Amino acid sequence: MFVEFRGEVEDALATALSDLDLPTEDLGVEEPPEDVDAVLASSAAYRLAGEVGAPPPEVAADVADAIDTDGYEYLARAEARGPYVNFHPGEAYFADTLSSAGDDWGHLPDRGESVVVEHTSANPTGPVHVGRARNPIVGDALARILDYAGCDVEVHYYVNDAGRQVAIFTWAFESFDESDLDEDPARDRADYDLVRYYRKGNEFLEEGDPAAVEEAEDEIQAIMQGLGAGDEATYERTSAVVDPMLSGMGASLERLPAEFDEFVKETRFMFDGSTDDVVERLQDLEEAVYEDDAWQLDLSDRGIDKNLVFLRSDGTSLYPTRDLAHHEWKFANFDRAVTVLGEDHKLQADQLRTTLALLGNDTDQLRQVIHSYVNLPEGKMSTRAGTAVNLDDLLDEAVDRAREEVENRLGDRIREDDLDDEDVERIAHQVGIGAVRYDIVAKQPTKAITFEWERALDFEAQSAPYVQYAHARACGIVDRADADPADLTAGDVDAALLSTPEERDLLRTIARFPAVIKEAAEDLQPHVVATYTRTFADRFNAFYRECPVLSEDVDPDLRAARLALVAAARNTVANALNALGVEAPESM
RNA sequence: GGGCGUGUGGCCUAGUGGAUAGGGCGAGAGGUUCCUAACCUCUCGACCGCGGGUUCGAAUCCCGCCACGCCCGCCA
């Protein structure tokens with residue numbers, strides 16, 4: 001409704017300005033502060049004051065007078081208040097919001113546009129740790145939000161299965177035995193088992209006997225050459241470590257949950273010849289230079305001082321070369337591509353985008369979302385050094401603490417409901433994992449996060465449980481009303497009965513939800529949705545406090561209207577949480 | 001050294017040209033015979049890193065400086 005209302009406001013304002021012979025390019029339509037009782041406002045009078053030769057409040061009054069609200073569905077009233085023109089919707093706005101906010105509220109019309117979202121794409125060398133966890137959390141939320149926004153979304157994990165680390169990993173796995181390793185796996189799963197070989201291999205390369213290291217380097221080199229030459233047997237060897245590692249990592253990611261439609265391996269673009277094709281086309285570019293026996297791209301004219309090496313002196317390709325082929329494949333198969341990357345890949349992202357353009361691609365199709373890392377108070381997390389907090393450990397701890405919390409609260413519940421052990425376990429998972437996810441997705445991705453257990457697992461604060469609780473309260477009311485769900489949003493209720501400030505504010509907030517999805521999808525900013533859920537919970541709690549629904553002294557018509565409002569609220573917050581990938585408990 | 005990013009009460013955070021900078025944590029005081037108190041109300045607390053500038057108007061734009069992070073591999 002908000003989106004439609006905004007359109008009407010812009011139309012009415014533009015018409016009024018042109019009737020007054022004033023310029024219409026700067027309408028200045030914005031959302032007023034909380035304490036102003038209007039849905040939208042315009043600050044255009046400030047800029048027009050000079051042109052008109054009158055003070056802004058006078059201009060605002062004239063503009064407000066010139067606005068004709070006839071013929072608009074939702075726009076009912078425009079009034080000047082100081083230098084602003086405030087816009088108010090009529091009853092239809094509230095009535096339509098109430099009747100529209102069904103199960104699919106927040107889903108925008110199909111855009112007929114396919115989008116591939118690539119996220120995580122962590123090297124298959126060890127268990128997923130918290131430092132990396134921002135990528136799947138942001139990426140999964142983005143994919144969900146784009147889906148809500150009407151895109152046809154496919155989610156990919158790009159597997160770096162041809163790089164040097166994989167060659168090291170493969171060599172290490174083949175060279176060492178269980179008896180060479182000095183620790184047991186932290187968990188009984190392939191990623192925890194295999195990472196020990198990777199660590200052992202790196203340790204050996206750093207500290208081993210020089211002659212033996214040289215021998216190992218020859219083997220690592222042979223593996224990379226084999227992959228570059230498209231050798232099936234070499235691919236089998238690397239797959240023997242990569243595939244189980246990936247399935248183990250996938251098990252961690254599923255807990256978030258972050259799921260993928262496809263794991264796209266970079267070897268695919270070596271074996272199908274597209275990397276060779278890219279190399280040839282790069283060599284033909286005028287930016288191509290051959291220096292130190294390696295083929296490079298001089299991108300200094302494009303504002304990138306660092307040369308991009310695309311073919312090593314030994315003739316093998318590099319990660320960026322294969323990624324170029326990968327992205328051309330994406331462009332050929334999807335309308336748009338979104339990639340979620342850690343900030344350490346910023347330069348590479350710029351080089352990729354620039355080079356794709358040089359190769360004749362339309363890079364407007366590509367959006368790269370960059371995020372900072374989650375670090376420990378003492379510094380970076382590293383798989384190789386073994387300093388990382390594993391995602392599984394964080395999630396386990398979160399669920400344990402949530403379970404403890406649920407059990408503590410069982411004692412002093414007023415409500416006599418019957419939460420059995422299964423409910424406790426369900427709530428512990430929903431709340432614990434939701435809190436971790438929400439804590440990360442709610443922050444602007446560009447801001448660095450320092451990981452601290454207490455803060456990450458605070459269930460009060462401005463957390464997932466706060467929002468989830470509002471949802472559970474709404475479910476409790478609907479549940480207790482024992483009404484036919486079909487009646488709840490039926491057109492029979494009279495939205496005009498919802499006249500208290502709390503009811504109006506809640507309706508206004510519900511009305512904004514599709515606009516929030518639209519904004520988050522356009523700007524690729526999931527935290528916008530998280531911010532919205534907090535505002536929503538504030539509004540819902542105010543309503544909950546002031547407006548009884550099921551009390552016996554509530555008039556039946558009002559009760560029906562409030563029940564419909566609660567149902568609309570429940571649908572809104574359920575979908576908002578869903579768009580963030582956070583579960584919405586029906587009781588807690 | 002260069003490039004990019006970040007800097008908002010003691011701590012975390014929203015807000016990227018317009019209405020007295022909005023929340024949370026923390027500290028203090030209250031609230032439940034009434035649909036879930038993981039809630040709500042009130043109080044305390046901010047020269048929006050520092051200094052200039054542009055503008056009728058700056059947390060927001062521009063310049064300089066400071067602090068922190070990331071990058072500057074024939075690794076990914």
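Given the structure is predicted, the values throughout are model-derived calculations rather than measurements. By convention in this document, chain letters (A, B, ...) are assigned in the order of the sequence lines, proteins followed by strands, and residues within each chain are numbered from 1.
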- Message: Output the rounded distance in Å from CZ (A:Arg539) to P (B:C40).
- Response: 12 Å
- Please list, chain by chain and in numerical order, all residues satisfying salt bridge (charged side-chain N to carboxylate O under 4.0 Å, His left out) with A:Glu79, sequence neighbours excluded. A:Arg77
- Query: Within this structure, what is the CD-to-P distance between A:Glu405 and B:C39, rounded to whole angstrom?
  - Reply: 10 Å
- Can you find a pair of side-chain heavy atoms, one from A:Val573 and one from A:Val467, that are under 4.5 Å apart? yes
- Message: Please determine whether a side-chain nitrogen or oxygen atom of A:Arg473 lies at a distance below 4.0 Å from atom OP1 or OP2 of B:A37.
- Response: yes
- A:Asn541 side-chain N/O to B:C40 phosphate OP1/OP2 under 4.0 Å: yes
- Does a side-chain heavy-atom distance below 4.5 Å link A:Lys443 with A:Thr531? no
- Message: Can you see if the side chain of A:Lys380 gets near the phosphate of B:G69 - specifically, an N or O under 4.0 Å from OP1 or OP2?
- Response: no
Only pairs under 3.5 Å count here: list side-chain donor-acceptor contacts from residues 303-311 of chain A, not counting sequence neighbours, and write none if there are none.
unit_1, atom_1, unit_2, atom_2, d
A:Asn307, ND2, A:Gln296, OE1, 3.0

- B:A46 and B:G7, which share atom name C1', separated by this distance in whole Å: 14 Å
- Item | Atom-pair distance (CD on A:Glu51; C1' on B:C56), nearest Å | 15 Å
- Sorted by chain and number, sequence neighbours left out, side-chain contact (heavy atoms from CB on, under 4.5 Å) with A:Asp35 holds for A:Pro33
- Query: Atom CD1 of A:Ile220 to atom P of B:C75: distance rounded to whole Å?
  - Reply: 12 Å
- Query: Under 4.0 angstrom, heavy atoms only, what part of the nucleic acid is A:Gly82 near: base, sugar-phosphate, or nothing?
  - Reply: nothing
- Query: Taking only residues two or more places apart in sequence or in another chain, which ones pass ring-ring contact (aromatic ring centres under 6.0 Å, His included) with A:Tyr198?
  - Reply: A:Phe169
- Complementary nucleotide of B:C47, counting Watson-Crick and G-U pairs under 3.5 Å: none
- Answer with base, sugar-phosphate or nothing: what part of the nucleic acid does A:Val431 contact at a heavy-atom distance below 4.0 Å? base
- Give one of base, sugar-phosphate or nothing for A:Ala470, where a contact means two heavy atoms less than 4.0 Å apart. nothing
- Message: Measuring to OP1 and OP2 of B:C75, would you say a side-chain N or O of A:Arg312 lies under 4.0 angstrom away?
- Response: yes
- Query: Taking only residues two or more places apart in sequence or in another chain, which ones pass side-chain contact (heavy atoms from CB on, under 4.5 Å) with A:Ser317?
  - Reply: A:Met270, A:Thr275, A:Thr321, A:Arg322
- Under the salt bridge (Lys or Arg N to Asp or Glu O under 4.0 Å) criterion, do A:Arg401 and A:Glu397 qualify, and how do the steps go? CA-CA 6 Å; A:Arg401 293 198 193 191; A:Glu397 182 72 21; 2.9 Å; yes
- Query: Counting side-chain heavy atoms from CB outward, which of B:A76, B:C35, B:C40 is closest to A:Arg545?
  - Reply: B:C40
- Message: A:Asn135: which residues meet the side-chain contact (heavy atoms from CB on, under 4.5 Å) condition with it, sequence neighbours left out?
- Response: A:His119, A:Thr120, A:Val340, A:His371
- Message: Categorize A:Arg455 for me: base, sugar-phosphate, or nothing, with a 4.0 angstrom heavy-atom threshold over every strand shown.
- Response: sugar-phosphate
- Counting just side-chain N and O atoms, does A:Tyr373 come under 4.0 Å of either OP1 or OP2 of B:C68? no
- Look at the side chain of A:Asn86 against the base of B:A19 and say whether a donor-acceptor pair falls under 3.5 Å; ignore hydrogens and angles. yes
- Item | Partner nucleotide, any strand, of B:G9 [Watson-Crick/G-U, under 3.5 Å] | none
- Message: Heavy atoms only, 4.0 Å cut-off, all strands: where does A:Ile427 land among base, sugar-phosphate and nothing?
- Response: base
- Item | Non-neighbouring partners of A:Tyr319 that pass ring-ring contact (aromatic ring centres under 6.0 Å, His included), sequence neighbours left out | none
- Task: Pick base, sugar-phosphate or nothing for A:Cys547, based on heavy-atom distances below 4.0 Å to the nucleic acid.
- Result: base
- Task: Give every residue pair that meets the salt bridge (Lys or Arg N to Asp or Glu O under 4.0 Å) criterion with at least one member in residues 529-554 of chain A, sequence neighbours excluded.
- Result: none
- Task: Measure the distance from CD on A:Glu452 to C1' on B:C11 and round it to the nearest whole Å.
- Result: 9 Å
- Message: Just to be sure I understand the rule, does A:Thr531 reach a base, reach only the sugar-phosphate, or reach nothing, if contact means heavy atoms closer than 4.0 Å?
- Response: sugar-phosphate
- Message: Please determine whether a side-chain nitrogen or oxygen atom of A:His527 lies at a distance below 4.0 Å from atom OP1 or OP2 of B:G15.
- Response: yes
- Note on the structure: Whole-Å distance, A:Arg562 CZ to B:C35 P, equals 15 Å
- Task: Nearest whole angstrom, please: distance from the P of B:G7 to the CD1 of A:Ile449.
- Result: 13 Å
- Message: Suppose we define a pair by two distances each less than 3.5 Å, Watson-Crick or G-U wobble; what does B:A21 pair with here?
- Response: none
- Task: Describe the nucleic acid contact of A:Tyr46 in one word from base, sugar-phosphate, nothing, applying a heavy-atom distance below 4.0 Å.
- Result: base
Can you pull every protein N or O that's under 3.5 Å from an N or O on nucleotides 1-5 of chain B?
unit_1, atom_1, unit_2, atom_2, d
B:C4, O2', A:Lys346, NZ, 2.7

- Describe the nucleic acid contact of A:Gln468 in one word from base, sugar-phosphate, nothing, applying a heavy-atom distance below 4.0 Å. nothing
Polar atom pairs between nucleotides 21-23 of chain B and protein, under 3.5 Å, N or O only, would you list them?
unit_1, atom_1, unit_2, atom_2, d
B:G23, O2', A:Gln462, NE2, 2.5
B:G23, N2, A:Gln462, OE1, 3.2
B:G23, N3, A:Gln462, NE2, 3.3

- Message: Holding to side-chain contact (heavy atoms from CB on, under 4.5 Å), I want the full list of residues that pass it with A:Glu503, two or more places apart in sequence or in another chain.
- Response: A:Leu498, A:Thr500, A:Phe543, A:Cys547, A:Leu558, A:Arg562, A:Leu565
Show the distances under 3.5 angstrom between N or O atoms of the protein and N or O atoms of nucleotides 59-62 of chain B.
none

- Message: Any non-hydrogen side-chain atom of A:Tyr438 less than 4.5 Å from a side-chain atom of A:Ile137?
- Response: no
- Watson-Crick or G-U counterpart of B:C42, or none if no pair lies under 3.5 Å: B:G28
- Message: Considering every strand and a 4.0 Å limit on heavy-atom distances, what is the contact class for A:Val309: base, sugar-phosphate, or nothing?
- Response: sugar-phosphate
- Task: Taking only the side-chain nitrogens and oxygens of A:Arg322, find out if one of them lies under 4.0 Å from OP1 or OP2 of B:A76.
- Result: yes
